[in-house]
Amino acid sequence: MAAIGNRGTVTEAPGFDPEADAQKLREAMKGAGTNEAVIIEVLAHRTIAQRQRIKEAFKQAVGKDLADELSSELSGNFRSVVLGLLMLAPAYDAYELRNAIKGAGTEEACLIDILASRSNAEIKTINGVYKKQYGKDLEEDVCGDTSGMFQRVLVSLLTAGRDESETVNEAQALQDAKEIYEAGEARWGTDEVKFLTVLCVRNQKHLLRVFEAYQKVSGKDIEESIKREMSGCLEDVFLAIVKCMRNKQAFFAERLYKSMKGLGTTDTVLIRIMVSRAEIDMLDIKAQFLKMYGKTLHSFIKGDTSGDYRKILLELCGGE
């Protein structure tokens, strides 16, 4: 893994002056109308850490909360992006999970995107932030809103207990592959618990070995089998885990592609990935996108969005 932060499109602004930035934002919101260009110029080109310092400087100078002020000035998808950029990463994840759960219906895609792709440490932090922010237990909220085997997979991921060592036990990997095969393709009906035990517990290197062994044992790719054996959210979460283990950036590239191709745009997915990965691995996600779809992420966003929303997303995406 490359050091966190240096594969992002958003990097530290040189000569950073939080007081001057706070002043610029203040001016941008004064009087009639808002100067969105200034908001984009400042917020899309500062790191999360730098944005926290702008928030402090703003509060000090104005006696008001920057997020609250922007929230009342802006609207729609542009507002969602801006507010997301102002949060610390685990707070943004917790906020997204909370929104996915509360209200009518559950946005399962959000639960899957976040819980299948974050590390143990990240999930532990999210659990803590969620509790502090919303006074509720994330696991309880997830359980109140999901059911069956899908719920059990999410609960397992929320325990943040995945083995994160680099040890591959050859015999165990072969055993795991056989057990998954016997729990799925080789029988009538599917024993989903076997899939859960392997996919939610084993480390990445070990799982890659399991997937190779599975191909030999069954003559099929594990993803193909999951699609045949499962359906709905359970299928989605198992596929997400497999894809994240194989190549997390390719997983996000595919999610971005599917959020924009065809009719309408799934803005919740597009915003969540652009905001949460901008500082981590957006350069690699862009490279994967081009490799997988033969078009740039930039061109897709440009063709699928408009106005200030398009402008800020393109800044987060970086050049072509």
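When reading the values below, keep in mind they use all heavy atoms of this one structure, side chains included, and skip hydrogens, waters and symmetry mates.
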Got a sec: does the [atom1] of [X] have more than 12 other heavy atoms crowding it under 6.0 Å?
{"X": "Arg152", "atom1": "CZ", "result": "no"}
{"X": "Tyr95", "atom1": "OH", "result": "no"}
{"X": "Lys220", "atom1": "NZ", "result": "yes"}
{"X": "Arg98", "atom1": "CZ", "result": "yes"}
{"X": "Lys132", "atom1": "NZ", "result": "no"}
{"X": "Lys243", "atom1": "NZ", "result": "yes"}

Is there a donor in the side chain of [X] and an acceptor in the side chain of [Y], or the other way round, less than 3.5 Å apart?
{"X": "Tyr309", "Y": "Asp267", "value": "yes"}
{"X": "Lys55", "Y": "Gln52", "value": "yes"}
{"X": "Glu27", "Y": "Gln23", "value": "yes"}

**Q.** Leu115: which of Asp93, Ile241, Ile126, Leu158 passes side-chain contact (heavy atoms from CB on, under 4.5 Å)
**A.**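 The single option meeting the side-chain contact (heavy atoms from CB on, under 4.5 Å) with Leu115 is Leu158.
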
Q) With respect to Met274, which candidate in Val81, Val269, Ile301, Leu314 satisfies the side-chain contact (heavy atoms from CB on, under 4.5 Å) definition? A)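 So the option named by the test is Ile301.
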
**Q.** Test: Glu254 and Lys258 ion pair at under 4.0 Å
**A.**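 Lys258 and Glu254: salt-bridged.
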
Q. For the ring pair Phe300 and Phe289, is the centre-to-centre distance below 6.0 Å?
A.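 So the answer is yes for these two rings.
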
Q: Can you see which heavy atom on Leu174 is nearest to which on Ala213, and at what distance?
A: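 Heavy-atom minimum between the residues: CD1-CB, 4.0 Å.
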
